[in-house]
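In what follows, a single structure is set out as structure tokens and then discussed.
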Amino acid sequence: IKAYQNYFILLCKVAKKQLINIPLDLSDTNLINSVEKTSSAKTDAFLKEEDILKVMQYKPVTKNMMLAQKYILIASQTGMRLQSMQEANGRKIELCTDNKNAFYYLHTIQEKTSTECYNPLFSTALDIIKKNNYVFPDFTGITLANLNINIRSVLSKAGIENNKLFSTHNLRSTFVSNLSLLGISEIVISSITHPSKKNNTSSVHIYDRRDMLDK
């Protein structure tokens, strides 16, 4: 809601510059919700490495469960949102050989922020894509609501105790949380998950001339 309020205020300011009458005091801070702590068991939930192994070992018996399992494994190892995974439908993976350590990656567009992302592919996600003729699986035929139901069902059958807390967003948190636990720097993680979000006053942001793939 706060994000929509900010966009609305911005739109009103643009309209006011064009001499359109806006019957609001745009400097009134009460027009935007105050920041509140939103942490809860549901927002804090993520799959630890042992949980991901349980999902890998689960044998789905239906197409929907198989698709949800693939989604869980790819999302938790790329940090991709549902929109990005749907946008990547049918896209071929690419091999980076510019660095001393060659690796496969997926070039995607983040619909939410309209920014490019280079998602390195860990072995499990890579194997799923390789078995799909080296193209990204199709997640376009399922609604978010049904996908979340199927994700919780897979996690339940895989023996994950807090399975009812999970949705697609928790899988993005899983990627970030596990990389952080492995000691990967925040700069590296944000270059993959939030390439458009930078601290404009940071010297790293100002002077870092590497391209997105190098980051």
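A quick note: this is a predicted structure, and the numbers were derived from the prediction, not measured.
- At least one test fails for Lys164 against the ring of Phe166: distance under 6.0 Å to the centre or angle within 45° of the axis.
- In this structure, Ala45 and Ser173 approach most closely via the heavy-atom pair O-CB, 4.5 Å.
- Put simply, the side chain of Thr168 reaches to within 4.5 Å of the side chain of Tyr71, judged on heavy atoms.
- With hydrophobic clusters built from ILVMFWY side chains whose heavy atoms lie under 4.5 angstrom apart, Val176 does not share a cluster with Phe46.
- A continuous path of Ile, Leu, Val, Met, Phe, Trp and Tyr side chains, each step under 4.5 Å between heavy atoms, connects Val55 with Leu82, placing both in one hydrophobic cluster.
- Between Asp51 and Lys48, some side-chain heavy-atom pair lies under the 4.5 Å cut-off.
- One distance of note links CZ of Arg91 with CZ of Phe136; it measures 9.5 Å at 0.5 Å rounding.
- When side chains are defined from C-beta on, Tyr118 counts as touching His107, because their heavy atoms get closer than 4.5 Å.
- A donor-acceptor pair is defined here as one N or O able to donate and one able to accept, closer than 3.5 Å; such a pair exists between the side chain of Asn119 and the backbone of Thr78.
- Distance check: Asn6 CG to Ile32 CD1 gives 4.0 Å after rounding to the nearest 0.5 Å.
- In this structure, the side chain of Asn163 engages the main chain of Ile160 through a donor-acceptor pair within 3.5 Å.
- Linking Ile, Leu, Val, Met, Phe, Trp and Tyr whenever their side-chain heavy atoms come within less than 4.5 Å leaves Leu24 and Leu11 in two separate clusters.
- When the side chain to side chain contact (heavy atoms under 4.5 Å, CB included) test is applied to Asp25, the partners found at least two apart in sequence or on another chain are Ser27, Asp28.
- When side chains are defined from C-beta on, Leu106 counts as touching Met80, because their heavy atoms get closer than 4.5 Å.
- Using a distance-only test at 3.5 Å, with no hydrogens or angles considered, no donor-acceptor pair links the side chain of Ser177 to the main chain of Thr174.
- A donor-acceptor contact shorter than 3.5 Å links the side chain of Gln5 to the backbone of Asn33.
- Legend: residues meeting side-chain hydrogen bond (donor to acceptor under 3.5 Å, both in side chains) with Ser167, ordered by chain and number and at least two apart, are Asn170.
- With sequence neighbours left out, Leu67 forms a side chain to side chain contact (heavy atoms under 4.5 Å, CB included) with Phe139, Ile142.
- In this structure a side-chain-to-backbone donor-acceptor pair under 3.5 Å is present from Asn178 to Leu47.
- The shortest heavy-atom contact between Ala68 and Leu147 is CA-CD1, 4.5 Å.
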> Would Asp138 and Thr140 count as a side chain to side chain donor-acceptor pair (under 3.5 Å) if you check the C-alpha gap in whole Å, the side-chain angles of each, and the deciding distance to 0.1 Å?
Replying inline: CA-CA 6 Å; Asp138 184 1; Thr140 61; 2.5 Å; yes

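- A 4.5 Å side-chain heavy-atom check between Val154 and Ile72 finds at least one atom pair inside the cut-off.
- Contact of the Ile52 side chain with the Thr124 side chain is not registered, since no non-hydrogen atoms from C-beta on lie closer than 4.5 Å.
- In this structure, the side chain of Gln69 engages the main chain of Tyr58 through a donor-acceptor pair within 3.5 Å.
- No continuous path of hydrophobic side-chain contacts links Leu181 to Val188 [ILVMFWY only; heavy atoms under 4.5 Å].
- Using a 4.5 Å heavy-atom threshold, the side chains of Phe122 and Phe175 count as touching.
- Across every non-hydrogen atom of Leu165 and Ala41, the tightest pair is CD1-O, 3.7 Å.
- Considering CZ of Arg81 and CD of Gln86, their distance stands at 13.0 Å, rounded to 0.5 Å.
- Counting heavy atoms from C-beta on, the side chains of Leu121 and Gln77 never come closer than 4.5 Å.
- No continuous path of hydrophobic side-chain contacts links Ile128 to Val61 [ILVMFWY only; heavy atoms under 4.5 Å].
- Taking every heavy atom of both residues into account, Ile129 and Pro137 meet most closely at CG1-CD, 4.2 Å.
- Rounding to the nearest 0.5 angstrom, the gap separating the CE atom in Met65 from the CG atom in Asn150 is 3.5 Å.
- Atom CD of Glu50 is surrounded by more than 12 heavy atoms from other residues, nucleotides or ligands within 6.0 Å.
- Considering CD1 of Ile9 and NZ of Lys16, their distance stands at 10.5 Å, rounded to 0.5 Å.
- The 12-atom threshold is not exceeded at CD of Glu49, counting heavy atoms of other residues, nucleotides or ligands nearer than 6.0 Å.
- Nearest approach of Ala75 to Met85, heavy atoms of both residues: CB-SD, 4.0 Å.
- Atom CZ in Arg152 sits 6.5 Å away from atom CD1 in Ile149 (nearest 0.5 Å).
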